[in-house]
Amino acid sequence: NLSERLEKALAGFRDRGKLSPDDIKKGLREIRLALLEADVNYRVVKDFLARIEARALSAEVLESLTPFQQIVKIVYDELVNTLGGKAQGLNLSTKPTVILLAGLQGSGKTTTAGKLALFLKKRGHNPLLVSTDVYRPAAIEQLKILSQKINIPFFDASPSEGALEIANNAFKMAKNTGRDVLIVDTAGRLHIDEDLMEELQSLKESLKPVETLLVADAMMGQDAVNVAKTFHERVGLTGIILTKVEGDARGGAALSMKEVTGCPIKFLGVGEKLEALEVFHPERLASRILG
Amino acid sequence: FVVEKLIDLAFLEELEEKLILSDLGVETTMALLDPFKNKILKGEPVTTSDLKRELKRISLNLLADYEKPFPPDGKPGVLFFLGVNGVGKTTTIAKLALKLKEANKKVLLIAGDTFRAAAIDQLKKWGERLNIPVVAQQEGADASSVIYQGLEKALREDYDFVLIDTAGRLHTKYNLMEELKKMYRVMDKLVPREKRVNLLVLDATTGQNAISQAEHFSKAIPIDALIITKMDGTAKGGIALAVSHKYKLPILFIGLGEKAEDLLAFDKEAFISAILP
Ligand SMILES: Nc1nc2c(ncn2[C@@H]2O[C@H](COP(=O)(O)OP(=O)(O)OP(=O)(O)O)[C@@H](O)[C@H]2O)c(=O)[nH]1
Ligand SMILES: Nc1nc2c(ncn2[C@@H]2O[C@H](COP(=O)(O)OP(=O)(O)OP(=O)(O)O)[C@@H](O)[C@H]2O)c(=O)[nH]1
Ligand SMILES: [Mg+2]
Ligand SMILES: [Mg+2]
C-alpha cells in the first residue's frame, strides 16, 4: 500500500534525522506512480499532485514524527474531497421523474436500470422501466426479464420502433398510470459515434430527465476522461454510476471522471444481482485508489 | 527535408505521457523509456528517428506470437470464450462464427451463459441472423451440461467448429472460477486439448485491471490467446501489450464495432503504430 511504498522510497531518511523537501519530492513521485497504477488519468494525477504538494512540503509533515502517515492522510483527504465530499442522492423532484441512463457498450446500464428500479421501489416509489435499445439483440427482453424478477412494470416495445418513439410512449404511460419514476435504459454507444450521440441528445430533449447518469465500468483506464468529458459536453450529466466495483479494479477512472466533469458519483454497482447497488461513499473508493 | 532532432528529457516526458495515456502502464512505459533516459543523462546523442525505430522494434517483440495454426486443425475445432462481464464475448462469437461460415465451415454455437438475463436469447438471435445453429437449454441450467450436450452434437453431426459462449465473470470470484475449471474438464472429456482454443476476451477501454484478469484466468485454465474488443473507440488498448508480454498471450483478433463483420485479424504493426506514431 501507499504507506509501505513511501517507507521504501524514503528509506534511510531517519538516519538523516528527518525528511527534507527533496525526500518529499521523492515521496510525491511514489504517490504519482501509485495513482497511475490505479488508473487515474495522467493529467488528473498531475493536477492532483500539484494540489497536495504545498501541504506535503509544509512543516506539519517535515516536523512530524510520523511523516509517512501525514503524507498518506493528506493524499487520502484530498482523494475524498475530490471524489465528492459526501454522498449525493437522486433528484426526484418532478412527477414522473425521468432517470436517463447512458454509457459505453457493456458498462452495465441495463442491469443498473433494474437495480435502480428495485432501489427506488424499496424506498416506496413506483418506477416504470423502459428500454430504448433497439439495436442489441434481445436487449429489450433482457430488461423485461429483470423487471419481472423484481415485479416492476415494464413498458414493452419492439425494436422496429424508434428509440425516441418508445421513450415518449413510455413517458405517457408513466404519467397515465401514476408511476412516479421512469427509468430509461439506452443502447451502449461510443462517445465518438455522431448518430448515437445525437440520438441521446434528442432523448434528453424530449424526456427532460432530472437525472442523466453515466454508467461507467470501474475497470476503465486512461480513456475514461475522454468518455466522461464527451458525454457531459454533448448531453449534460447529473451524475455517474460506477459498476463492477466488487472486483479488484482500483477504480482510479472514477476520480478522473469526477474531476473532469464535476459530476457526483451517485451509486456503485457491486455485483450482478439486482440488490447489488450501493449509495456512493467517497471514503471507501479513496482507500481503494490508494491501494 | 526533415531536420533530425536529438531527444532530450522533455521529449521523453512528452512521450511518457502519450504511452501512459494509451494504457501501456507505468511498468512497461518505464521499461521502454528508462534506457533512453540513461543515455541522455550520460550525454549519448539519440535522434528522434533512432528512438522511434528502437521503441517500435522493442514493442513489436513484446507482443507474443501465435505459434499454431488458427483456426485449429482438428475437427471439431473448439473455440472457448471467456472474460469478465460486458467485454464483448457473445458479439465476438457471432463475428468469428461468420468468418468461419464464410470460409465454408460447418459451425455450431453453444449458449454456455445460463446465468444472465436473455443471454441465451441474445446468442440465439445472432444464430438466426447468421443462419448458424445454437445449442441451448434454459436459463438456470448447468453450463457444463449445455457444453457437453453441444460437443456431443458437434461430434455426432460432424461440425468443423464449435464456438462456446460463457457467462461474464469477475476473475476474483472463487465459485465462478471453479465453474470455469469444471467446464474445462468437461470439454476435455470429449475433445482433445490440441483441438481447443481458449480465448480470453479483453475490452480495449480496460486499464491496469487487465493484468489481474489475465493473471487469474490463466491460473484457472490455460489461455491460448487474446481478443481485444472495442478498438473502434478512443482507447488504444495499450494494456494488451503488457498482458501479451507478461503472460505470453498472442492477440488473435480485434473487435472494431457491433456488427458481425467488425472483427479484424490482429495486425502487430498497426497496433503499435497507433500507440507510437
Ligand atoms: N460483476 C458485476 N457485473 C455487473 C455489474 N453490473 C452489470 N454487470 C454485468 O455486466 C454485464 C453487462 O451488463 P449490461 O447491463 O448488459 O450492460 P449494458 O451497459 O446494458 O450493455 P449494452 O447495452 O450492450 O451497452 C452483464 O454480465 C452484467 O451482469 C456489477 O456491478 N458487477
Ligand atoms: N463498439 C464496439 N462495441 C462492441 C464490440 N464488441 C462488442 N460490443 C458491444 O459491447 C456490448 C457487450 O457485448 P456482449 O457481446 O454482450 O458482451 P459479453 O462479454 O458477452 O457480456 P456478458 O455476457 O454480459 O458478460 C454490446 O453492446 C456489443 O454490441 C466492439 O468491438 N466494438
Ligand atoms: Mg444494455
Ligand atoms: Mg455474453
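By convention in this document, chain letters (A, B, ...) are assigned in the order of the sequence lines, proteins followed by strands, and residues within each chain are numbered from 1. These numbers were taken from a predicted model, which means no experiment stands behind them.
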Open item on the list: Is A:Arg32 in contact with chain B via its backbone, its side chain, both, or neither, using a 4.5 Å heavy-atom distance?
Closed with: side chain

- [ ] Could you tell me whether B:Lys173 and A:Glu246 make a salt bridge, using a distance below 4.0 angstrom between a side-chain N and a carboxylate O?
- [x] yes

Task: Given B:Arg116, B:Lys124, B:Lys125, the one that forms salt bridge (charged side-chain N to carboxylate O under 4.0 Å, His left out) with A:Glu141 - done: B:Lys125

Open item on the list: Does any backbone or side-chain atom of B:Glu128 lie under 4.5 Å from a heavy atom of chain A? Answer side chain, backbone, both or neither.
Closed with: neither

TODO: Compare all side-chain heavy atoms of A:Met219 with those of B:Val87 and state whether any distance is below 4.5 angstrom.
DONE: yes

Open item on the list: Under a 4.5 Å cutoff for heavy-atom pairs, which residue among B:Leu21, B:Val26, B:Leu170 has the most contacts with chain A?
Closed with: B:Leu21

Open item on the list: Report which part of A:Leu104 has an atom under 4.5 Å of a heavy atom belonging to chain B: side chain, backbone, both, or neither.
Closed with: side chain

- [ ] Under 4.5 Å, counting heavy-atom pairs only, tell me which of A:Lys149, A:Arg136, A:Glu37 racks up the most with chain B.
- [x] A:Arg136

Open item on the list: Would you compute the distance between atom OG1 of A:Thr111 and atom CG of B:Asn85 and round it to the nearest 0.5 angstrom?
Closed with: 8.5 Å

Task: Residue B:Glu27 versus chain A: region with a heavy atom under 4.5 Å - done: neither

- [ ] Considering only heavy atoms and a distance below 4.5 Å, find which of A:Ala218, A:Gly188, A:Ala138, A:Gly252 pairs most often with chain B.
- [x] A:Ala138

TODO: Check whether any side-chain heavy atom of B:Gln208 lies under 4.5 Å from a side-chain heavy atom of A:Arg250, and answer yes or no.
DONE: no

TODO: Give, as side chain, backbone, both or neither, the part of A:Asn41 having an atom under 4.5 angstrom from any heavy atom of chain B.
DONE: side chain

Open item on the list: How long is the straight-line distance from CD of A:Gln222 back to CG of B:Leu24, given to the nearest 0.5 Å?
Closed with: 10.5 Å

Task: Value rounded to 0.5 Å, distance of OG1 in B:Thr234 from CD1 in A:Ile192 - done: 5.5 Å

Task: Nearest atoms (heavy-atom pairs only) where A:Lys244 meets B:Gly86 - done: NZ-CA, 4.2 Å

Task: B:Lys181 atom NZ: more than 12 heavy-atom contacts under 6.0 Å - done: yes

- [ ] List the atom of B:Glu13, the atom of A:Tyr42, and the distance in Å for their closest heavy-atom pair.
- [x] O-OH, 3.8 Å

TODO: Could I get the full list of side-chain contact (heavy atoms from CB on, under 4.5 Å) partners for B:Ala210, not counting sequence neighbours?
DONE: B:Leu202, B:Thr206, B:Ile239, B:Val243

- [ ] Determine whether the side chains of A:Asp248 and B:Thr172 contain a donor N or O and an acceptor N or O closer than 3.5 Å.
- [x] no

TODO: Might you point out which heavy atoms bring B:Ala117 and A:Leu146 nearest each other, and give the distance in Å?
DONE: CB-CD2, 3.9 Å

TODO: Could you check which of A:Lys46, A:Lys144, A:Met220 has the highest count of heavy-atom pairs closer than 4.5 Å to chain B?
DONE: A:Met220

Task: Inter-residue atom distance B:Glu258.CD - A:Leu196.CG, 0.5 Å rounding - done: 7.5 Å

Task: Spacing of CG belonging to B:Asp121 relative to CD1 belonging to A:Ile145, to within rounding of 0.5 Å - done: 6.0 Å

Open item on the list: Can a side-chain donor-acceptor contact be found between B:Thr205 and A:Asp223 if the only test is distance below 3.5 angstrom?
Closed with: no

TODO: Inspect the contact between B:Glu17 and A:Arg43 and indicate whether a charged nitrogen and a carboxylate oxygen are less than 4.0 angstrom apart.
DONE: yes

Task: Over 12 foreign heavy atoms within 6.0 Å of NZ, B:Lys37 - done: no

TODO: Answer yes or no: does atom NZ of A:Lys121 have more than 12 heavy-atom neighbours from other residues, nucleotides or ligands under 6.0 Å?
DONE: yes

